Every structure is written in structure tokens, then in C-alpha cells.
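Beneath this line is the structure, given in C-alpha cells, with notes to follow.
Computed from heavy atoms alone, side chains included, the values below leave out hydrogens, waters and symmetry copies. Remember, predicted model here, so these are calculated numbers, not experimental data.
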Amino acid sequence: QVQLVESGGGLVQAGGSLRLSCAASGRTFSTDSMGWFRQAPGKEREFVAFISWRGGRTYYADSVKGRFTISRDNAKNTVYLRMNSLNPEDTAVYYCAASLRVGPLMHTYDFDSWGQGTQVTVSS
């Protein structure tokens with residue numbers, strides 16, 4: 001497994017932006033497919049974004065397409081999620097996840113390593 005630590009969450013007003021980071025350690029990060037998921041209170045964890053191990057392929061949930069951007073820096077063992085035009089429906093705990101499987105991966109069962117999550121709260 002790979003150890004993942006998210007950061008960058010916080011409280012932001014509607015229309016604002018945040019950038020989440022996920023730092024990885026352990027196995028060779030550069031060969032991992034990476035994903036971001038989120039979980040709102042009382043709801044199941046849902047897919048947000050995916051990036052392939054080289055960063056050449058990205059996929060997004062329809063709800064965030066055009067507003068969120070996933071990227072990675074393999075030299076820094078870090079994956080990012082840039083979130084623009086945030087709205088209250090984006091409020092959730094955001095998790096990054098890693099997988100040795102080749103993507104696209106959009107389900108929780110596709111990933112074998114998870115971070116502890118970072119809270120994002122968007123006020124109206």
C-alpha cells in the first residue's frame with residue numbers, strides 16, 4: 001500500500017476556489033493511478049476525478065466537469081485537485097486514493113489505498 005495525506009481543505013464562500021493536495025509515500029507513486037472522491041454527510045462516497053499514472057488521462061464526474069482539475073507531480077509524489085466555482089453542494093470530506101490498476105477507475109473498490117480525508121465546506 002501507499003500512505004496518503006490530504007491537505008488544503010477549509011471553509012470557502014460560494015464561487016470561491018480551493019486547491020487540495022495529496023502527498024504520497026511508500027510504494028513507487030509514479031506508477032499509481034490516482035483518484036479523488038468525496039463524501040457528504042449521510043451520503044455514499046462518490047467519485048470526483050481520476051488521473052492516470054503518467055497524467056495523460058483524466059476523467060471527471062459530471063457534477064464537477066469544467067470546474068475541477070486533477071493534476072499530479074510525480075517528482076513531488078503529490079496529486080492535486082483544483083476546485084473552482086465552488087457551491088454548497090460541493091461540501092464534503094474529500095479523499096484521495098491510489099491504485100496499481102490501470103484506469104480509468106471510478107469506483108471505490110478499484111483503489112487499495114486511501115487518505116484520511118480533508119473537509120471542504122462551501123457557504124452560501
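Atom CG of residue L81 and atom CZ of residue R72 lie 13.5 Å apart, to the nearest 0.5 angstrom. The OG atom of S113 sits 8.5 Å away from atom CE of M34, with the distance rounded to the nearest 0.5 Å. To the nearest 0.5 angstrom, R57 atom CZ is 12.5 Å from I70 atom CD1.
Residue L86 is grouped with residue V64 when hydrophobic side chains (ILVMFWY) are merged at heavy-atom distances under 4.5 angstrom, including chains of intermediate members.
With a 4.5 Å cut-off on side-chain heavy atoms, W36 and F50 do not count as touching. Proximity of W53 to D32: side-chain heavy atoms (C-beta onward) are nowhere separated by under 4.5 Å. The closest side-chain heavy-atom distance from M83 to V120 is below 4.5 Å. Using a 4.5 Å heavy-atom cutoff, the side chains of L4 and Q116 are not in contact. Contact annotation: the side chain of Y80 approaches that of D73 to within less than 4.5 Å [non-hydrogen atoms, C-beta and beyond].
The two residues Q3 and Q1 make their nearest non-hydrogen contact at NE2-O, 4.0 Å.
Under a 3.5 Å cut-off, the side chain of R67 and the backbone N or O of S85 do form a donor-acceptor pair.
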Test side-chain contact (heavy atoms from CB on, under 4.5 Å) applied to Y60 and T69, step by step: CA-CA 8 Å; Y60 299 92; T69 302; 3.8 Å; yes
Pairs of donor and acceptor atoms involving the side chains of residues 8-25, under 3.5 Å and at least two apart or interchain, shall be tabulated with distances.
residue : atom : partner : partner atom : Å
S17     : OG   : N84     : OD1          : 2.9

Donor-acceptor contacts under 3.5 Å from residues 95-108 side chains, at least two apart:
residue : atom : partner : partner atom : Å
S99     : OG   : R101    : N            : 3.0
S99     : OG   : D110    : O            : 2.8
R101    : NH1  : D110    : OD1          : 2.9

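Note on residues 40-50: pairs passing side-chain hydrogen bond (donor to acceptor under 3.5 Å, both in side chains), not counting sequence neighbours, are R38-E46, Q39-R45.
The aromatic rings of F111 and F37 sit perpendicular, their planes meeting at an angle over 60°, well past the 30° parallel limit.
Side-chain N/O atoms of E89 and T91 include no donor and acceptor closer than 3.5 Å.
Within a 6.0 Å sphere centred on CZ of R54, other residues, nucleotides and ligands contribute 12 heavy atoms or fewer.
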